[in-house]
Every structure is written in C-alpha cells, then in structure tokens.
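Everything numeric here is computed off the predicted structure, so don't read it as measured data.
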Amino acid sequence: MEITSTQKTIGIVNSGGDCAGINTVIASAVIAGIRMGYQFVGFELGWEGLIDRKYRKLDLEDAGRIQNLGGTVLHTTNRGRFAAKVGQNQTNKIDPEILEACKRSVDELGIDGLLVIGGDGTLSGALQLAETGVNIVGIPKSIDNDLYATEHTFGFATAVEVAVEAIDRIQTTAFSHNRIFFVECMGRNAGWLSLYAGLAAGADAILLPEFPTSLDDIVEFLRYRRDRHRNSTIIVVSEAFEIEGKAVTQGSSVTNEVIFSGISNELIRRLEELAPHEFEMRNVVLGHTQRGGSPCAEDRILSKRFGTRAMEAYDRGLFGHMVALQQGQIHPVPIKDAVDRLKLVTKENNIYEAARRTGIFLGDLQDYLATARPDNMANMPYMISAK
Ligand code: F6P
C-alpha cells in the first residue's frame with residue numbers, strides 16, 4: 001500500500017507480549033484520530049514490521065470490527081531486532097543501525113509519527129527511537145501492571161478476572177478432596193496479578209516475589225490450618241517467587257529472555273521433602289490463559305480512555321510522552337518516568353493491607369499468627385471443613 005495523502009499519517013506499533021485490550025486501544029485511537037483529520041497504518045509484528053515496512057491501512061471499518069477482540073490483529077513479538085529489555089533493570093541499547101532503519105522507514109514512508117503500545121521493554125525501545133527525533137506517544141500495556149508512572153496498565157484487569165474465575169473453580173475441587181492447591185500466576189517480578197487475584201478470590205495464602213518466605217514457614221502455615229480443621233488451602237503463587245533466593249526459570253531457545261515457569265511444581269516437590277506424606281498437594285499453572293480472550297469491561301474502558309487521550313497528546317505534540325492513569329485521570333507523562341524502574345508491591349499498599357487484614361498469609365509467619373486467629377482465618381463459607 002502506498003501512503004499518499006495530504007492527511008498526516010500515524011503508524012501504530014504494538015510490541016511485546018499480547019494482552020486483552022490492544023485491539024480496543026487501536027480502534028479507539030483510529031476512531032478518535034480520523035475525526036481529528038489523521039489517517040492510520042498499523043505495522044505488523046511489532047517493530048519488525050516497521051523495520052521491514054510491513055503495514056496495513058487501518059480505517060473506521062477495521063476499528064469497528066476489532067474493538068472488542070482479544071489479542072492484536074497486528075500480531076506481535078517479544079523478540080526480534082528491537083528488543084530493548086532483557087530482564088529486571090537490564091536495558092539493552094538498541095543497535096544504532098536498527099534505530100536508523102526505523103527512522104528511515106518513518107521518514108521514507110511519509111509517516112508523521114507513531115503511537116507505540118507496549119510494556120516496559122517496548123516503551124524503553126520507544127524512548128530510544130524518540131531520541132532520534134521520531135514523533136512518538138506511548139500507551140502502557142501489560143498484564144503485569146508493573147509500569148511505574150501509571151496506576152494501571154490495560155490488560156491487567158482482564159488477567160485478574162481470568163485468574164479469579166480459575167481460583168473460584170479450584171476452591172470447590174480443593175475443598176471436596178481436602179487438598180492444597182498452588183495456583184501459579186504470571187506477572188514476572190511484580191506480584192500485582194497474584195495479589196489482586198488472590199484477594200478477590202479469597203485465597204488462603206499469596207506468595208509474591210517481593211516478599212520471600214522460607215519453606216519451613218510455609219509448612220508451619222499449612223500445619224496451623226490443618227490443626228484447625230482447614231483441610232483445604234488455596235495458595236496463589238507468583239511465577240517469579242523465589243525459593244531460597246532462586247526463581248524457577250527456563251531459558252528460551254530462541255531469545256535470551258528469562259521465562260518464569262514451574263515454581264508451583266517445585267514448591268510441591270520441596271514441601272513434600274520437608275513434610276513427607278503430610279499434605280496432598282496439586283498445582284495449576286494459569287499461564288497464557290491470563291493473556292487470552294476479550295477484554296473485560298474495565299479494560300475496554302481503560303483502553304478507550306488511553307487510545308483517545310493518546311491521540312489528544314499526539315495532536316498537542318507531546319512526543320516522548322505516554323498516557324498514564326493517575327488519581328483516576330489520564331495524563332501525559334514522560335516515557336522516561338515509566339521505564340526507569342518497576343512498580344512493585346509494597347507493604348504500604350492498601351491492597352496488600354486488605355489481604356493481610358483479612359487473614360491471608362503473605363509470607364510473614366509471625367505477622368500471620370499474630371493476626372489470623374482461627375475465627376478470622378481467610379476462607380470461603382464452603383471452605384470450613386466438618387470437624
Ligand atoms: O509480561 C507479560 C508476561 O505475560 C509475563 O507475565 C510473563 O512472564 C511473560 O509475559 C511470558 O512471556 P511469553 O509470552 O514470552 O512466554
């Protein structure tokens with residue numbers, strides 16, 4: 001497709017892992033932007049499409065068709081020539097030739113600038129490209145909710161919903177069998193997804209990467225419950241939770257990305273060694289189910305707010321900025337403020353506090369025993385076992 005028009009053309013790039021709401025963001029930016037006099041193209045497969053000049057026009061018809069669809073119609077990848085983050089606090093400098101190729105694509109295709117939809121890694125890359133003079137406005141996406149400058153990223157609420165629904169289902173089978181279930185949630189180094197899902201579903205314990213605990217304390221917690229006739233237990237565990245300072249990871253055969261996977265299995269193996277035959281344990285890894293499917297209502301609304309406000313920021317020339325949710329309103333903030341550090345769970349956070357005060361074990365056994373008396377232990381009504 002030739003880009004020939006007197007209208008300014010904006011290119012949309014989404015990169016990194018997908019999540020629910022990307023299509024909603026694209027649709028709302030396109031609808032709002034066309035009304036402001038812009039036209040749009042979408043680059044395929046993230047930055048790869050920008051480098052290789054693979055793109056498609058996005059019009060009002062596309063926008064209407066995709067606005068509630070999960071995933072991204074543009075496809076995406078979290079590997080490739082543009083990958084800017086390789087792990088926590090590790091920012092890769094993108095090869096200047098790749099940055100130059102992206103800039104050439106923008107200039108030679110006659111594109112005015114880019115809307116870049118992504119998480120921490122993508123926006124780190126976007127910042128480096130913006131520094132070469134490309135007009136960029138960012139839109140924060142991630143089921144991990146770990147971007148610093150925004151209270152929420154889109155995709156997070158849907159992932160929480162998926163996890164809560166799964167935990168609700170596990171509760172009944174755990175209860176029937178008097179079993180202990182470890183439910184492994186995504187989120188990389190941030191425990192938000194596990195914390196929200198565990199609190200909403202009424203889990204008995206939530207193990208987060210931010211708050212390490214010992215295997216001995218987990219055994220004590222399980223015995224404490226068992227001795228009080230709580231024969232089934234739901235433990236939500238973040239994929240990056242560490243046992244004795246070590247996360248359970250797999251190397252990727254195609255990238256240098258760290259893949260967190262298997263902590264729930266490993267916990268069962270290690271606890272069985274410590275307390276042989278004491279507890280019947282099972283695990284469920286929610287994995288990519290948390291990223292799939294259509295966005296929930298909250299994410300659709302946040303995505304539409306982000307998409308439309310990103311267009312407003314673009315029109316005002318606020319390049320190098322991204323839209324962010326702060327105190328209930330969407331504001332433009334420098335991308336730099338969002339990618340400098342990760343937003344992690346702290347004990348001062350009131351979601352953490354609500355979990356603690358409702359008797360959920362969060363890794364601190366002394367604190368748990370001091371506050372979780374048998375009559376206020378976290379449980380669902382049907383979780384109270386017959387004595
Ligand atoms: O960052 C989003 C995320 O879903 C993480 O929660 C998870 O660790 C990772 O991406 C999985 O990535 P991939 O799709 O490459 O396996």
Side-chain angles (χ1 to χ4, degrees), residues 12-34 40 42-46 49 56 58-78 115-119 122 138-147 150-170 183-188 190 192-201 236 239 284-311 323-325 330:
I12 299 185
V13 174
N14 60 240
S15 182
D18 74 336
C19 69
I22 300 181
N23 285 326
T24 316
V25 167
I26 295 172
S28 55
V30 167
I31 295 169
I34 287 175
F40 291 84
F43 287 96
E44 310 248 343
L45 213 64
R56 52 186 276 197
L58 291 167
D59 57 22
L60 285 177
E61 206 177 306
D62 297 313
R65 195 171 43 78
I66 68 172
Q67 64 172 332
N68 297 333
L69 281 185
T72 165
V73 289
L74 297 178
H75 303 279
T76 187
T77 179
N78 45 12
L115 291 184
V116 178
I117 304 167
T122 300
I139 302 170
K141 155 208 77 101
S142 177
I143 67 161
D144 304 340
N145 200 32
D146 58 354
L147 267 169
T150 184
E151 280 153 25
H152 284 285
T153 48
F154 74 86
F156 174 65
T158 307
V160 171
E161 290 290 327
V162 171
V164 169
E165 193 191 328
I167 300 167
D168 282 352
R169 288 175 185 280
I170 290 161
V183 184
E184 183 173 325
C185 283
M186 280 188 166
R188 294 196 85 79
W192 297 108
L193 186 45
S194 301
L195 180 62
Y196 271 67
L199 177 62
V236 176
E239 60 179 1
V284 173
V285 180
L286 298 182
H288 293 80
T289 59
Q290 296 157 106
R291 296 218 313 238
S294 297
C296 66
E298 189 180 329
D299 268 336
R300 291 181 197 194
I301 291 167
L302 184 60
S303 300
K304 289 184 182 192
R305 294 174 75 194
F306 275 159
T308 52
R309 291 286 280 172
M311 271 315 303
V323 284
L325 180 69
I330 312 288

ask   = Taking atom CD1 of I31 and atom CE of M311, what is their separation to the nearest 0.5 Å?
value = 12.5 Å
key: Closest contact, heavy atoms only, A29 versus L115   = CB-CD1, 3.6 Å
message = Nearest 0.5 angstrom please: I170 CD1 to I167 CD1, how far?
response = 7.0 Å
ask   = Taking D144 for the side chain and D146 for the main chain, is one N or O donor matched with an acceptor at less than 3.5 Å?
value = no
query = Between F43 and I12, is any pair of side-chain heavy atoms under 4.5 Å apart?
reply = no
request  = Indicate yes or no: at least one non-hydrogen side-chain atom of R305 is less than 4.5 angstrom from one of V323.
outcome  = no
query = Are the side chain of D299 and the backbone of C296 linked by a donor-acceptor contact shorter than 3.5 Å?
reply = no
OG on S303 to CG on N68, rounded to 0.5 Å = 10.0 Å
query = Is the backbone of F156 close enough, under 3.5 Å, to the side chain of N145 for a donor and an acceptor to pair up by distance?
reply = no
ask   = Where is the tightest heavy-atom contact between A63 and V30, given as atom of each residue plus distance?
value = CB-CG1, 4.2 Å
request  = State, yes or no, whether a side-chain contact exists between T158 and E298 at a heavy-atom distance under 4.5 Å.
outcome  = no
Passing option when F306 is tested against T150, T24, T153 for side-chain contact (heavy atoms from CB on, under 4.5 Å) = T150
query = Does any pair with a residue in residues 287-296 pass side-chain hydrogen bond (donor to acceptor under 3.5 Å, both in side chains), and if so which ones, sequence neighbours excluded?
reply = D18-R291
Any residue meeting side chain to side chain donor-acceptor pair (under 3.5 Å) with E44, in chain and number order, not counting sequence neighbours = none
task = State, with a plain yes or no, whether a side-chain heavy atom of I26 is found less than 4.5 Å away from one of N14.
result = yes
message = Counting C-beta onward and ignoring hydrogens, is there a side-chain heavy-atom pair between L302 and H152 closer than 4.5 Å?
response = yes
Ion pair R169/E165, N-O distance below 4.0 Å = yes
ask   = Between G70 and N23, which heavy-atom pair has the shortest distance, and what is it?
value = O-ND2, 3.0 Å
request  = Rounded to the nearest 0.5 Å, what's the gap from CG on L74 to OG on S15? Could you check?
outcome  = 11.0 Å
task = Decide yes or no on side chain to side chain contact (heavy atoms under 4.5 Å, CB included) for T122 and V116, but give the supporting numbers first.
result = CA-CA 8 Å; T122 300; V116 178; 3.6 Å; yes
From L199 atom CG to S194 atom OG, the distance as rounded to the nearest 0.5 Å = 12.0 Å
query = Yes or no on side chain to side chain contact (heavy atoms under 4.5 Å, CB included) for M186 and L193, after CA distance, side-chain angles and deciding distance?
reply = CA-CA 7 Å; M186 280 188 166; L193 186 45; 4.2 Å; yes
key: Close side-chain approach of C19 to F154, heavy-atom, < 4.5 Å   = yes
Under 3.5 Å: donor-acceptor pair, side chain of R309, backbone of I330 = yes
inquiry  = Are the side chains of L45 and T76 in contact, using a 4.5 Å heavy-atom criterion?
reply    = no
task = Measure the shortest side-chain to side-chain distance between K304 and Q67 over non-hydrogen atoms and say whether it is less than 4.5 angstrom.
result = yes
request  = Taking all non-hydrogen atoms of both residues into account, name the closest pair between L147 and P140 and its distance.
outcome  = CD1-CB, 3.6 Å
key: salt bridge (charged side-chain N to carboxylate O under 4.0 Å, His left out) pairs, two or more places apart, involving residues 19-32   = none
ask   = Of the non-hydrogen atoms in A20 and G293, which two are nearest, and what is the gap between them?
value = CB-O, 3.6 Å
task = Write down the atom of C185, the atom of A163, and the distance for their closest heavy-atom approach.
result = SG-CB, 4.2 Å
